[in-house]
Chemist: 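Sharing a structure here in C-alpha cells format.
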Amino acid sequence: IKHIGLLTSGGDAPGMNAAIRAVVCACEHYNISVTGIKAGYQGLINGWFTSLDSHSLIHSLCRGGTLLKSARCQAFRTQEGRAQAWQNLQQSGIDALVVIGGDGSLTGAALLEQEYPVAVIGIPATIDNDIFGTDACIGYDTATNTVVEAIDKIHDTAASHNRLFFIEVMGRNSGFIALNAGIAAGCSAILVPEHYQPVDDIIERFASCDMAGDAGIVIVAEGHQNGGIAELASITARRLPDFDIRVSILGHIQRGGSPSCADRVLAGRLGVYAIEQLRRGESGTMVALQHQLVCSLPLHDVIQQQPALQTEQLRVSRILAM
Ligand code: ATP
C-alpha cells in the first residue's frame, strides 16, 4: 500500500476528526501517502480531493463534526457512480480507501471493494451505535453523554413543576442511546424499537403516582413502535388528565460537541489499526473493538447483521426504573 484515500460518510459523529487524525498520523508513521476526500462518496465521484497533514489536524482533535465534511450520495448507490469513483481513485494513484462512517457507508465500501481492485477498510462511526461486530462506534459515547446531561437538566425543571416529560432521542431503528442514557439518567421508562412495550403498561405504572413529577421522565428512541412521541404524550394526557405532560425532542444537539475521552481513544486505536491492517494486506474488512481489544471482521458479516441490545441491560433498566 503506497497511497491511501480517506473519507467520512453518512451522519457526522463526534470523534470523526480524531479518527481522521489517527489515520493521517499512522500513514506518516509508516511512510504512506494520504489524500483526504471531501464530502464522502460525493467527493469521491466529483474528485474533491485535498491534502492532509498531521500537524494541522491537532486542533480538530477536540472538535465534533468532520473537517472532511460528510454527505449522503445517491449516485454512489449506482454502478455508474462507483465506476466514476474508481476512475478518480486510479487517476490519483490511490490504492487503498479508508471509509469512516455508519452501516450505509460500510455497505457502499463493501460494494466498491467487490467490484474494483482497490483495498478498502471501514472504521465504524455513528452516534446510533447500530453497527454489528463492534462493542462501540465512534461518536456513540459522546452522544449518550450529551443526552444524559440534557436529561439531568430537564429533571430539574420536571421536579420543580411536577411535570412528566417524554423525551425523544436519536438512534434510528436502534435503542442504544435511549437504553443507556435512560439507565444513566434514571428515567422512569425507556421505550426502544427492539422491544415493544404497549403504552398502556406505562400509563398503568404512572397511574399509581400521586403527581406527574413523581413519574419523572420517559425516554423514547426515535424508532420506537408506539407512533410519534406527540401521539404518545397525548394518549397519556387523555388517560391521566391530572398530569402536566410535556414533550422534548433533543434533536441535533446529540450529534455535536467535543468528543469524549472514550471516543477519542477509540478513534485513535481504530484509525491506527486500520492502516496497520491495510499494510498486512487486509481488505474488505471493518476494524472494531471487541472485549476491549482491537480486531477486524469482514464487511459482509458486518452489513448483514444488526447488533442486539443486551438482555441483561434491559433487565437492569426495568429494575432501576421501578
Ligand atoms: P448514519 O447511520 O450515522 O446515518 P450511514 O453511513 O449509515 O451513517 P447512510 O446515509 O445510510 O449513512 O449512508 C451513507 C452513504 O453511503 C449513502 O449516502 C450512500 O452514498 C452510501 N450507501 C449507503 N447504502 C448504500 C448501498 N446499499 N450501496 C451503495 N452505497 C450506499
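These values consider heavy atoms only, across backbone and side chains, with no hydrogens, waters or symmetry-generated copies. For ligands, and for the atoms within them, numbers begin at 1 and follow the listed sequence.
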Chemist: Looking only at heavy atoms, what is the nearest atom pair of Gly228 and His224, with distance?
Modeler: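 Smallest interatomic distance, heavy atoms only, reads C-NE2, 4.3 Å.
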Chemist: Minimum heavy-atom separation for Gln84 and Ile45, please, with both atom names.
Modeler: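 What the structure gives for the nearest pair is CG-O, 3.4 Å.
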Chemist: Applying a heavy-atom distance cut-off of 4.0 Å, which protein residues contact ligand 1?
Modeler: Ser9, Gly10, Gly11, Tyr41, Arg72, Cys73, Phe76, Arg77, Gly102, Asp103, Gly104, Ser105, Thr107, Gly108, Leu111, Thr126, Asp128, Arg172
Chemist: Tabulate below the donor-acceptor pairs under 3.5 Å that side-chain atoms of residues 100-109 make, not counting sequence neighbours, or state none.
Modeler:
from: Ser105; atom 1: OG; to: Ser9; atom 2: O; distance (Å): 3.3
from: Ser105; atom 1: OG; to: Ser9; atom 2: OG; distance (Å): 2.8
from: Thr107; atom 1: OG1; to: Asp103; atom 2: O; distance (Å): 2.7

Chemist: Compute whether any side-chain donor of one residue and acceptor of the other, for Thr144 and Asn180, lie under 3.5 angstrom apart.
Modeler: no
Chemist: Which residues pass the ring pair (Phe, Tyr, Trp, His ring centres under 6.0 Å) test with Tyr116, not counting sequence neighbours?
Modeler: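 By the ring pair (Phe, Tyr, Trp, His ring centres under 6.0 Å) rule, Tyr116 matches Trp86.
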Chemist: Taking only residues at least two apart or on different chains, which pairs with a member in residues 217-240 satisfy salt bridge (Lys or Arg N to Asp or Glu O under 4.0 Å)?
Modeler: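 Residue pairs passing salt bridge (Lys or Arg N to Asp or Glu O under 4.0 Å), neighbours aside: Asp200-Arg239.
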